[in-house]
Amino acid sequence: VQLQASGGGLVQAGDSLRLSCAASRRTFSSYALGWFRQAPGKEREFVAAISWRGGTTYYQDSVKGRFTISRDNNNNTVYLQMDSLKPEDTAVYYCAAGPNIHQFKTHIRYWGQGTQVTVSS
């Protein structure tokens, strides 16, 4: 397994969660990392991504100002801090790695397993 996500759970609206994704060194080195999510009955959608040096980030419009992506290259881990959670954030969240931050939404090389996030109203 090259990407291992964790940190999901059941929370109430307005609460916070932090997702983590541990990557193998081979996956992590020089790759952009990020998160997608898939809600029941919907297609998987992009959430956030960060370049391998951490200098560039992208977010889906609906999470801007509430979610923050970061990475720790020393520990081969990418994080998604989710604040002010809403019921519509309920989904399975997947971490992913791709070679190009600017094409991250459409060019993913590695997927991790999902972690469930459920936000109750």
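Residue numbers count from 1 along this sequence.
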S.K.: Look at the rings of Y31 and Y110 and say which category their plane angle falls in: under 30° parallel, 30 to 60° tilted, over 60° perpendicular.
M.R.: tilted

S.K.: Could you grab the distance from atom OG1 of T57 to atom CZ of F67, nearest 0.5 Å is fine?
M.R.: 14.0 Å

S.K.: Against I50, only a single residue in T68, T56, V78 fulfils side chain to side chain contact (heavy atoms under 4.5 Å, CB included); can you say which?
M.R.: V78

S.K.: Determine, using the 4.5 Å side-chain heavy-atom cutoff (strictly less than), whether W111 and F104 are members of one ILVMFWY cluster.
M.R.: yes

S.K.: If you measure from CG on L19 to CD on Q81, what distance do you get to the nearest 0.5 Å?
M.R.: 9.0 Å

S.K.: Testing Q113, R37, R44 one by one against Y94 for a side chain to side chain contact (heavy atoms under 4.5 Å, CB included), which residue passes?
M.R.: R44

S.K.: Could you measure the distance from the CH2 atom of W35 to the OH atom of Y79? Nearest 0.5 Å is fine.
M.R.: 10.5 Å

S.K.: Testing the 3.5 Å rule here: is there a donor-acceptor pair between the side chains of E88 and T90?
M.R.: no

S.K.: Search all heavy atoms of R66 against all heavy atoms of S84 and return the closest pair with its distance.
M.R.: NH1-O, 3.0 Å

S.K.: Could you tell me whether the side chain of M82 reaches within less than 4.5 Å of the side chain of Y93, counting heavy atoms only?
M.R.: yes

S.K.: Working to the nearest 0.5 Å, report the span between NE2 of H107 and NE2 of H102.
M.R.: 13.5 Å

S.K.: Partners of F46 by ring pair (Phe, Tyr, Trp, His ring centres under 6.0 Å), sequence neighbours excluded?
M.R.: F36

S.K.: Mark yes or no for whether T115, through its side chain, and G8, through its backbone, hold a donor-acceptor pair below 3.5 Å.
M.R.: yes

S.K.: Are Y59 and I101 in one and the same hydrophobic cluster, where Ile, Leu, Val, Met, Phe, Trp and Tyr link if side-chain heavy atoms are under 4.5 Å apart?
M.R.: no

S.K.: Main chain of K86, side chain of D89: is a donor-acceptor contact present, judged purely on distance under 3.5 Å?
M.R.: yes

S.K.: L80 and side chain to side chain contact (heavy atoms under 4.5 Å, CB included): which partner among V63, V47, L17?
M.R.: V47

S.K.: Between K64 and D61, does any NZ, NE, NH1 or NH2 come within less than 4.0 Å of an OD or OE carboxylate oxygen?
M.R.: yes

S.K.: State whether the side chain of R71 and the backbone N or O of T77 hold a donor-acceptor pair below 3.5 Å, judged by distance alone.
M.R.: no

S.K.: I need the full list of side-chain hydrogen bond (donor to acceptor under 3.5 Å, both in side chains) pairs touching residues 7-21, with sequence neighbours left out, sorted by first then second residue.
M.R.: S16-D83

S.K.: Just grab all the disulfide (SG to SG under 2.5 Å) pairs involving residues 62-112, residues at least two apart or on different chains.
M.R.: C21-C95

S.K.: If you look at every heavy atom in P87 and S121, which pair is closest and at what distance?
M.R.: CG-CB, 3.8 Å

S.K.: Looking only at heavy atoms, what is the nearest atom pair of N75 and D72, with distance?
M.R.: ND2-OD2, 2.6 Å

S.K.: Step by step, would you call S6 with Q4 a side chain to side chain donor-acceptor pair (under 3.5 Å)?
M.R.: CA-CA 7 Å; S6 62; Q4 185 75 34; over 6 Å; no

S.K.: Looking at every heavy atom in both L33 and A97, which two are closest together, and how far apart are they?
M.R.: CD2-CB, 3.4 Å

